[in-house]
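When reading the values below, keep in mind they use all heavy atoms of this one structure, side chains included, and skip hydrogens, waters and symmetry mates. Position 1 is the first residue of the sequence, and the numbers go up from there.
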Amino acid sequence: MKKINPFTILFLSIVIFLSSVVYLNKSYINLKNRQSDLINFKKISNKYQNLKSISKNKKETIAFIEKSIINSGIKNVDKKINTKRAIVNIKDTKLKKIDKFVNKILNEQLNIIKLKIDSNSVELVVGY
């Protein structure tokens, strides 16, 4: 029966160990790259989700403002609708009606550019 040389066993063990280390190192680098890609993707998706949920389109914003004005019972309203913003001026109404309107506007997620509240008037500028 032939004897197995201990150096060949040692050499083969070292080769197997080194190839395993190289393979695990490549896998580790690949995993780190995938994790960084996933983190970047999550950041981009969160930014998109925030933009999508905050900004409404023009028609929905105008419809909500008009509905809030009607539901609040305000009659003396000056509305100007441009391509980038809607300007609403409310004058000479009761304080409860102004309070009701402002509460509805502030509870909705709108892109409010300017909100000026006086004792008997409100100036609201909303962008879309």
Side-chain angles (χ1 to χ4, degrees):
M1 193 164 152
K2 291 185 176 181
K3 289 185 179 181
I4 299 177
N5 191 354
F7 290 114
T8 57
I9 293 176
L10 182 67
F11 177 75
L12 288 175
S13 299
I14 291 172
V15 168
I16 290 173
F17 176 76
L18 289 177
S19 64
S20 298
V21 168
V22 168
Y23 179 76
L24 286 175
N25 191 22
K26 286 181 183 179
S27 298
Y28 180 74
I29 292 170
N30 191 16
L31 177 67
K32 286 295 182 183
N33 289 337
R34 298 293 176 166
Q35 284 178 342
S36 66
D37 291 342
L38 179 64
I39 290 169
N40 290 336
F41 180 76
K42 284 182 179 181
K43 286 179 184 177
I44 291 170
S45 66
N46 286 338
K47 286 180 184 177
Y48 177 75
Q49 184 66 28
N50 290 338
L51 288 175
K52 184 179 174 185
S53 66
I54 290 173
S55 64
K56 293 185 170 195
N57 64 13
K58 183 178 179 179
K59 290 180 185 178
E60 290 176 349
T61 303
I62 293 170
F64 177 76
I65 291 172
E66 289 178 355
K67 185 179 175 184
S68 297
I69 291 170
I70 291 170
N71 287 343
S72 299
I74 299 171
K75 295 183 179 164
N76 191 4
V77 177
D78 180 27
K79 292 186 286 187
K80 295 177 186 174
I81 298 172
N82 298 334
T83 57
K84 293 186 178 181
R85 56 179 69 166
I87 301 170
V88 179
N89 289 322
I90 301 170
K91 298 177 184 173
D92 297 330
T93 58
K94 295 181 180 178
L95 188 59
K96 285 186 178 183
K97 291 181 180 182
I98 290 176
D99 186 41
K100 188 175 180 181
F101 173 73
V102 170
N103 282 336
K104 284 185 181 183
I105 293 297
L106 292 177
N107 285 332
E108 188 68 21
Q109 288 185 342
L110 298 174
N111 186 13
I112 298 175
I113 297 171
K114 180 180 178 183
L115 179 61
K116 182 179 177 184
I117 303 171
D118 292 331
S119 62
N120 61 352
S121 67
V122 174
E123 182 182 351
L124 173 70
V125 179
V126 178
Y128 7 85

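Lys79 is linked by a salt bridge (Lys or Arg N to Asp or Glu O under 4.0 Å) to Glu66, counting only residues two or more places apart in sequence or in another chain. Under the rule for a side chain to side chain contact (heavy atoms under 4.5 Å, CB included), the partners of Ile14 that lie at least two apart in sequence or sit in another chain are Leu10, Leu18.
Residues Leu106 and Ile69 share a single hydrophobic cluster, defined by chaining ILVMFWY side chains whose heavy atoms lie under 4.5 Å apart. When hydrophobic clusters are built by joining Ile, Leu, Val, Met, Phe, Trp and Tyr residues whose side-chain heavy atoms come closer than 4.5 Å, directly or via intermediates, Val125 is not grouped with Ile81. Ile74 and Ile112 fall within the same hydrophobic cluster, where Ile, Leu, Val, Met, Phe, Trp and Tyr residues are linked whenever their side-chain heavy atoms come under 4.5 Å apart, directly or through other members. Taking hydrophobic clusters as Ile, Leu, Val, Met, Phe, Trp and Tyr residues chained together by side-chain heavy-atom distances below 4.5 Å, Ile87 does not share a cluster with Phe64. Connection of Ile70 to Val126 is not established within any shared hydrophobic cluster, with ILVMFWY side chains joined at heavy-atom distances below 4.5 Å, either directly or through further cluster members.
Counting heavy atoms of neighbouring residues, nucleotides and ligands inside a 6.0 Å radius, atom CD1 of Ile4 does not exceed 12 of them.
For residues 29-40, there are no salt bridge (Lys or Arg N to Asp or Glu O under 4.0 Å) pairs, not counting sequence neighbours. Sequence neighbours left out, the pairs with a member in residues 118-128 that pass salt bridge (Lys or Arg N to Asp or Glu O under 4.0 Å) are Lys114-Glu123. Applying the salt bridge (Lys or Arg N to Asp or Glu O under 4.0 Å) test to every pair with at least one member in residues 15-31, sequence neighbours left out, gives no pairs at all.
Side-chain contact between Tyr23 and Ser19 is absent, with no heavy atoms from C-beta onward closer than 4.5 Å.
The structure places CG of Leu115 at 12.0 Å from CD1 of Ile113, a figure rounded to the nearest 0.5 Å. Taking CG of Asn25 as the start and OG of Ser20 as the end, the distance is 12.5 Å to the nearest 0.5 Å. Here the CG atom belonging to Asn89 is positioned 6.5 Å from the NZ atom belonging to Lys80, to the nearest 0.5 angstrom. Between Ser68 atom OG and Leu124 atom CG the span is 9.5 Å, to the nearest 0.5 Å.
In terms of heavy-atom proximity, Thr8 sits nearest to Asn5 at OG1-O, 2.6 Å.
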Could you list the donor-acceptor pairs under 3.5 angstrom formed by side chains in residues 96-105, with sequence neighbours left out?
residue : atom : partner : partner atom : Å
Lys97   : NZ   : Gly73   : O            : 3.2
Lys100  : NZ   : Asn71   : O            : 3.3
Asn103  : ND2  : Asp99   : O            : 3.3

